[in-house]
Number of protein chains: 2
Amino acid sequence: MNKSKPSNRKRIVELANRLFYEQGYNQTSFSDIAERLHISKGNMTYHFHSKDELLHAVIEYRMEQIRETLRDWKEQYPEPLDRLKRFVTMLLNEADDLVDCGCPMGSLNAELGKTQRNIQKESRQMFDLFRQWLDEAFAQLGYKDFGKKSMHLLSMAQGAALMSYVYADPEIIDVECQYIIEWLDSMDAQ
Amino acid sequence: MNKSKPSNRKRIVELANRLFYEQGYNQTSFSDIAERLHISKGNMTYHFHSKDELLHAVIEYRMEQIRETLRDWKEQYPEPLDRLKRFVTMLLNEADDLVDCGCPMGSLNAELGKTQRNIQKESRQMFDLFRQWLDEAFAQLGYKDFGKKSMHLLSMAQGAALMSYVYADPEIIDVECQYIIEWLDSMDAQ
DNA sequence: GTCTATAAGAAGATAGAC
DNA sequence: GTCTATCTTCTTATAGAC
């Protein structure tokens with residue numbers, strides 16, 4: 001009874017997730033979503049009393065997706081270095097989207113941080129999931145300063161995503177990922 | 001006759017420059033600016049027929065500031081490596097603003113890229129100024145792949161700015177700048 | 001759960017007086 | 001150059017019928 005017919009609530013969350021990414025949170029209205037879903041705005045309001053509430057649901061949705069992904073990667077790659085490289089491969093795989101819309105986590109946080117710090121703090125938790133996961137991998141490699149290394153990896157990934165987005169150029173992702181891989185390999189060699 | 005009384009046009013551009021940075025472009029209205037300047041909205045429209053036109057002026061304004069800064073740094077630091085390090089020092093000096101509002105170039109481009117790619121391409125020219133300036137420094141150091149290195153430096157700087165902004169933590173800037181300086185020094189040693 | 005209707009406000013932009 | 005007044009459209013949100 002889960003696959004039968006997706007509830008309108010779920011359809012709203014999934015479309016909002018996509019539009020918040022493609023157009024930004026503030027540039028996406030209830031009308032946008034209602035029209036594309038062929039439902040009324042009143043229906044939207046029934047499911048989500050405010051836009052903040054919808055954003056909250058979208059963040060929850062993304063968090064769950066991230067948890068699943070990280071869980072899968074952990075199963076598939078027992079070796080910590082392989083896991084770290086899998087993270088980099090994600091950037092290469094998602095290059096097209098990154099170039100078009102930026103990083104889903106980075107761009108949302110960037111937008112919300114300006115005038116909606118309260119919700120941004122919630123949105124930041126997506127990064128926390130990655131940090132925790134990366135921490136574990138670096139710790140397994142024997143590094144005491146795993147927190148510092150996780151942040152550096154996230155930071156380089158965000159830089160790559162942003163610059164490739166600014167110049168709409170996937171080549172930037174490629175080159176920056178080479179730098180990241182070099183950095184990971186140089187650590188392993190020590 | 002330049003210092004006497006700043007024209008309203010200039011006051012508008014300078015306040016818009018600040019508010020676009022602090023609140024974002026889409027979150028800043030003509031009314032916002034008019035109220036704070038104690039002028040009418042009609043006056044705003046007289047000087048800038050559209051909001052895009054105002055943004056255009058703000059980008060011009062920022063570009064000129066960047067040109068001046070880069071010109072000064074070039075005079076003050078004849079050695080290319082010193083210039084590159086001066087760029088990193090800027091991040092440390094501006095840490096408070098970066099933590100509060102992100103990078104003025106990165107956050108504006110990130111915002112505009114989603115739904116206003118045309119203006120974003122104009123805004124991207126701010127990055128071009130830095131790229132050109134960094135290219136010259138890396139080229140002077142003898143590197144054939146100066147373009148790649150400039151982009152990597154910008155990318156790391158943007159990553160540091162974004163992550164410190166996401167976590168509202170200036171410490172992240174410090175640590176990431178150490179990584180950048182290490183990278184610069186490792187190149188010099190070769 | 002879903003709809004229509006509508007409120008109440010803010011946005012960008014225009015017209016015309018001074 | 002600066003102002004007031006107004007238009008139009010879009011926004012979030014509410015009320016109440018089905």
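For clarity, every value in this text was computed on a predicted model and none was experimentally measured.
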(request) Establish, with yes or no, whether the OP1 or OP2 oxygen of D:dT2 is under 4.0 angstrom from a side-chain nitrogen or oxygen of B:His47. (result) yes

(request) Sort and list the pairs that fulfil side-chain hydrogen bond (donor to acceptor under 3.5 Å, both in side chains) and have at least one residue in residues 79-91 of chain B, not counting sequence neighbours. (result) B:Arg83-B:Gln140, B:Lys85-B:Asp185

(message) Can you tell me if A:Lys74 has over 12 outside heavy atoms packed within less than 6.0 Å of its NZ?
(response) no

(message) Using the side-chain heavy atoms of B:Tyr46, tell me which of these nucleotides is nearest: D:dT2, C:dC3, C:dG1.
(response) D:dT2

(request) Look at the rings of A:Tyr179 and B:His152 and say which category their plane angle falls in: under 30° parallel, 30 to 60° tilted, over 60° perpendicular. (result) parallel

(message) Strictly by salt bridge (charged side-chain N to carboxylate O under 4.0 Å, His left out), give each pair with a member in residues 12-32 of chain B just once, sequence neighbours left out.
(response) B:Arg18-B:Glu22

(request) Provide, to the nearest angstrom, the distance between the CG atom belonging to A:Asn8 and the C1' atom belonging to C:dC3. (result) 12 Å

(request) In plain terms, say whether A:Arg67 and A:Glu64 are close enough for a salt bridge, that is, a side-chain N and a carboxylate O under 4.0 Å apart. (result) yes

(request) Nearest whole angstrom, please: distance from the C1' of D:dT11 to the CD1 of A:Ile33. (result) 13 Å

(message) For D:dC3 and B:Asn43 - does any side-chain N or O of the residue sit under 4.0 Å from the phosphate oxygens OP1/OP2?
(response) yes

(message) If I take atom CG in residue B:Leu37 and atom P in nucleotide D:dT2, what distance separates them, rounded to the nearest angstrom?
(response) 10 Å

(request) Compare all side-chain heavy atoms of A:Arg62 with those of A:Tyr21 and state whether any distance is below 4.5 angstrom. (result) yes

(request) Starting at atom CE of A:Met44, determine the distance to atom C1' of C:dT4, rounded to an integer number of angstrom. (result) 16 Å

Any N/O pairs under 3.5 Å between the protein and nucleotides 10-14 of chain C? List them or say none.
{"from": "C:dA11", "atom 1": "OP1", "to": "B:Ser29", "atom 2": "OG", "distance (Å)": "3.2"}
{"from": "C:dG12", "atom 1": "OP1", "to": "B:Lys51", "atom 2": "NZ", "distance (Å)": "3.0"}
{"from": "C:dG12", "atom 1": "OP2", "to": "B:Phe30", "atom 2": "N", "distance (Å)": "3.2"}
{"from": "C:dA13", "atom 1": "OP2", "to": "B:Lys51", "atom 2": "N", "distance (Å)": "2.8"}

